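Everything below concerns the one structure shown next.
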Amino acid sequence: DGGITQSPKYLFRKEGQNVTLSCEQNLNHDAMYWYRQDPGQGLRLIYYSQIVNDFQKGDIAEGYSVSREKKESFPLTVTSAQKNPTAFYLCASTPGPAGETQYFGPGTRLLVL
Amino acid sequence: SQQGEEDPQALSIQEGENATMNCSYKTSINNLQWYRQNSGRGLVHLILIRSNEREKHSGRLRVTLDTSKKSSSLLITASRAADTASYFCATESSGGSYIPTFGRGTSLIVHP
């Protein structure tokens, strides 16, 4: 089956801890994206990558970091600098960089202990 | 910043009725997309309409686009309980980064 997988489904973070959310796609898509969703809010763009070894900040990149060492993988690290990390995190991909339908993963819910 | 804003924020209807939700945006766009999200899940693409198109259909879905009013509407005909979800519009601004900007969504509840 082709698609996007995210893991884990739920993730708990302790104060001062960095945590990494996984996103993998086997769609051979060039571009990948990370969004944050808070209750009653739309999706806000954290980071995106249109090609391997390159990524760009979105609207709310502070407190987050990413890497794109492989085409199929785009992990997101929530650092201790992100003071309000509790949210639903969604990963998406598109075949190319522009004007495309986005394919979403099932999401990871991050909670702070 | 959010480009598209859906209206209403919440909509509650009976099965069999039609559901209409609207999206307004501020700047010129290349295309507008509608997505659906079931509670606690990822988004699923429904339909894309380009700026030179006025209406598109897909099954029970009908999308219109009025670029002069900078607005779009999504009509779901003969709704079913399984249509209960949140619906988001996403706009790709012309002359921009080609990254779609999502609105806050309309929460639709269809009562059986």
Side-chain angles (χ1 to χ4, degrees), chain A residues 3-11 21 23-25 27 29-51 54-61 87-111, chain B residues 1-11 21 23-26 28-53 56 58 61 63 85-108:
Chain A
I4 301 179
T5 57
Q6 290 185 242
S7 62
K9 187 171 182 178
Y10 296 95
L11 185 58
L21 285 62
C23 178
E24 304 276 331
Q25 54 100 357
L27 300 167
H29 285 178
D30 287 330
M32 298 185 73
Y33 311 79
W34 274 106
Y35 293 93
R36 170 179 171 141
Q37 186 178 31
D38 293 281
Q41 302 274 341
L43 277 65
R44 291 185 290 169
L45 182 66
I46 305 172
Y47 269 99
Y48 65 99
S49 168
Q50 295 179 325
I51 196 169
D54 187 50
F55 48 83
Q56 308 294 330
K57 291 182 179 180
D59 298 321
I60 55 164
F88 190 51
Y89 291 86
L90 288 160
C91 179
S93 70
T94 55
E100 308 269 0
T101 296
Q102 294 202 320
Y103 294 75
F104 282 84
T108 292
R109 189 165 298 280
L110 176 61
L111 300 165
Chain B
S1 60
Q2 282 169 315
Q3 157 81 307
E5 290 293 338
E6 292 89 343
D7 171 62
Q9 289 186 4
L11 183 58
M21 49 206 90
C23 172
S24 59
Y25 57 91
K26 296 179 181 135
S28 297
I29 60 171
N30 291 327
N31 64 62
L32 184 146
Q33 302 182 56
W34 285 92
Y35 289 82
R36 165 196 169 123
Q37 183 182 34
N38 286 70
S39 181
R41 314 291 277 279
L43 277 69
V44 175
H45 180 257
L46 296 176
I47 203 161
L48 181 152
I49 187 164
R50 301 196 185 281
S51 59
N52 61 352
E53 298 174 311
K56 287 189 86 168
S58 177
L61 305 180
V63 169
S86 292
Y87 292 83
F88 294 88
C89 69
T91 52
E92 181 192 301
S93 296
S94 53
S97 65
Y98 304 110
I99 309 295
T101 304
F102 289 82
R104 297 176 193 270
T106 291
S107 176
L108 172 66

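Each chain gets a letter, A, B and so on, in the order its sequence line appears, and its residues count up from 1. Side chains included, hydrogens not; waters and symmetry mates left out as well; all remaining heavy atoms used. What you are looking at is a predicted structure, and each value in this text was computed from that prediction instead of being measured.
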Inset, instruction - Look at B:Ser86, B:Pro100, B:Ala90 and state which one has the largest set of heavy-atom pairs under 4.5 Å with chain A. - result: B:Pro100
Legend entry - Gap between atom SG of B:Cys89 and atom CG of B:Asp7 - 0.5 Å precision: 10.5 Å
Legend entry - Residue part contacting chain B, namely of A:Tyr35, when any heavy atom lies under 4.5 Å: side chain
Legend entry - Per-residue contact mode, A:Gln6 against chain B (heavy atom under 4.5 angstrom): neither
Inset, instruction - Mark yes when over 12 heavy atoms from residues, nucleotides or ligands other than A:Ile51 sit less than 6.0 Å from its CD1; otherwise mark no. - result: no
Inset, instruction - State whether the number of non-hydrogen atoms from other residues, nucleotides or ligands found under 6.0 Å of B:Glu53 atom CD is greater than 12. - result: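 Correct, the count exceeds 12.
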Legend entry - Under 4.5 Å from any heavy atom of chain A - which part of B:Gln37: side chain
Legend entry - Distance-only side-chain donor-acceptor flag, A:Thr94 / A:Tyr33, under 3.5 Å: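 Judged by distance alone, the side chains do pair up.
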Inset, instruction - On the 0 to 90° scale, with breaks at 30° and 60°, tag the B:Tyr35-B:Phe102 ring pair as parallel, tilted or perpendicular. - result: tilted
Legend entry - Contact leader toward chain B among A:Pro106, A:Gly105, A:Gly107, where contacts are heavy-atom pairs under 4.5 Å: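 Ranked by contacts with chain B, first place is A:Pro106.
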